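Here the structure is a predicted model, which is why all the values come from computation and not from measurement. Atom set for the values below is all heavy atoms of this structure, side chains included, hydrogens, waters and symmetry mates excluded. Chain naming here is simple, since letters A, B, ... match the order of the sequence lines and numbering starts at 1 in each.
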Number of protein chains: 2
Amino acid sequence: MKGYLWTGGPGSPASEAPPADGRLAPWEAIAVDAVGNVIEFWGFKRNQGRVWALLYLRGEPLTAGEIERELDLSKGGVSMLLRDLERWGVIQRVRLPQDTVWRYGAENDLVRMVTHVIEEREAGFVARIRADLAEARRLAETQSGLPPDRLQRLEKMATLAEHVERALRLFIKTSRLDVSGVLSVFRDEATGARRGSK
Amino acid sequence: MKGYLWTGGPGSPASEAPPADGRLAPWEAIAVDAVGNVIEFWGFKRNQGRVWALLYLRGEPLTAGEIERELDLSKGGVSMLLRDLERWGVIQRVRLPQDTVWRYGAENDLVRMVTHVIEEREAGFVARIRADLAEARRLAETQSGLPPDRLQRLEKMATLAEHVERALRLFIKTSRLDVSGVLSVFRDEATGARRGSK
DNA sequence: GGTGCAGTTCAAGCGGTCTTGAACTATATG
DNA sequence: CATATAGTTCAAGACCGCTTGAACTGCACC
């Protein structure tokens, strides 16, 4: 079959396109870094994005060692990155039959990951802010000689916070909707073409 | 830092008017920090949010020195923070008649600031990503022995990026719309009540 | 059992950002 | 002009999260 059994020695030569040992092809490097930047922009680690991008572009599962070499990361780092990504469900750990090592393949729901984690962050975070503002209001109300316009402003602040929160929720919802179209495009190829030989 | 949970119970000995020299009233500290956290969450400096919140809550313009004392910041830091905020149009520098010092008052368009800066960031950033992916595609196409499914995945990546971008734009637009309602509520009070009541 | 490789964990180091504090400029006042 | 206070600038350092590299576990094969 394909190059699934990589069980060669240390110097096992790459079968086809990618150098497999050293560094990526230039175009891969660019694309991988682009995704890394995006993902960092969204508050994740740059290398989490790079790993996902590499796995996605390659289309077939890679081992931790390969990722380590291709992206020039440390062993420990790769281990942690993979664990994060797996926990979020954006990569999948597979053990091929009669193979001893784990391989990792990209899921296509990077978007789900982003919206999911944003949602999560937002949930805890917004709850906290809301609680704080409520607490502030409670305290402020017990104050006796407080000018009423001050309290008013505090209340407006809380209102504003609520609206921003609502906008954020809306965003998550719409972005998910908007993106689901793209995802469907992804999907038909995703699971199929993985071993969709040429 | 300090000024976090304040478990004192009602009837706390806090004076009615803020100490003016020392630290804020507990409820102010909480509200100010809450805003600081939000603003930090959006990628700004925490203290930028705190300064704006203080100015907004107080309703009347404060001097740099007052801000410095109330929020326990350094002189230089306050200067820089104020400049940032002013540049973004979320605070206003005013010189009262027969007064020699500058005072700073909050504008109400914190939201405009957030959306504005997000927009700005997004513009430069997304353009960059887009260019990178285009470049990657260009390079990849010139490669001869490249499996076609790889190129396909790269293209899908670009498509995804575009969709996310579109979603982001939509978010900014809607959030602005959504919030403009709140802003109008803000406005009627904002400029008027500054030194009203009394 | 022993050797070697895959994978995990974590203290220490590195790099980037934010804040500080002191030197500096500007402006008003006697 | 001397002094004092308001405001700005920036190098040094505090701070914080990410990455590294080494020690460790676990597993397979000899």
Contacts of [X] that satisfy side-chain contact (heavy atoms from CB on, under 4.5 Å) - sequence neighbours left out:
X	answer
A:Thr63	A:Glu66, A:Val101, A:Arg103
A:Val126	A:Glu122, A:Glu165
A:Asn37	A:Glu40, A:Arg46, B:Phe125, B:Ile129
B:Ala53	A:Met157, B:Val32, B:Val35

[X] side chain: which of [options] is closest?
X	options	value
A:Val101	C:dA6, D:dC10, D:dT20	C:dA6
A:Met80	C:dT19, D:dT9, D:dT19	D:dT19
B:Ser79	C:dT20, D:dT8, C:dG7	D:dT8

What is the distance, to the nearest angstrom, from the [atom1] atom on [X] to the [atom2] atom on [N]?
X	N	atom1	atom2	value
B:Trp102	C:dA26	CH2	P	16 Å
B:Ile67	D:dG7	CD1	P	10 Å
B:Arg69	D:dT5	CZ	C1'	12 Å
B:Glu68	D:dT8	CD	P	12 Å
A:Leu71	D:dT20	CG	P	11 Å
A:Leu82	C:dA6	CG	P	14 Å
B:Arg95	D:dG7	CZ	C1'	10 Å
A:Glu66	C:dC5	CD	P	16 Å

I want to check one thing: is the phosphate of [N], taken as OP1 and OP2, less than 4.0 Å away from some side-chain N or O of [X]?
X	N	value
A:Arg93	C:dG7	no
A:Asn47	D:dC18	no
A:Arg83	C:dG7	no

- Are A:Phe44 and A:Trp88 an aromatic pair by the rule of ring centers under 6.0 Å?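 Between A:Phe44 and A:Trp88, the centre distance is under 6.0 Å.
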
- Do NZ/NE/NH1/NH2 and the carboxylate oxygens of B:Asp99 and B:Arg95 come within less than 4.0 Å? no

Polar-atom pairs under 3.5 Å, protein N or O versus N or O of nucleotides 22-30 of chain D: list them with distances, or write none.
none

Which pairs of donor and acceptor atoms, one on a side chain in residues 134-148 of chain B, lie under 3.5 Å apart (sequence neighbours left out)?
residue	atom	partner	partner atom	Å
B:Glu135	OE1	B:Arg138	NE	3.3
B:Glu135	OE2	B:Arg138	NH2	3.4
B:Thr142	OG1	B:Leu139	O	2.7

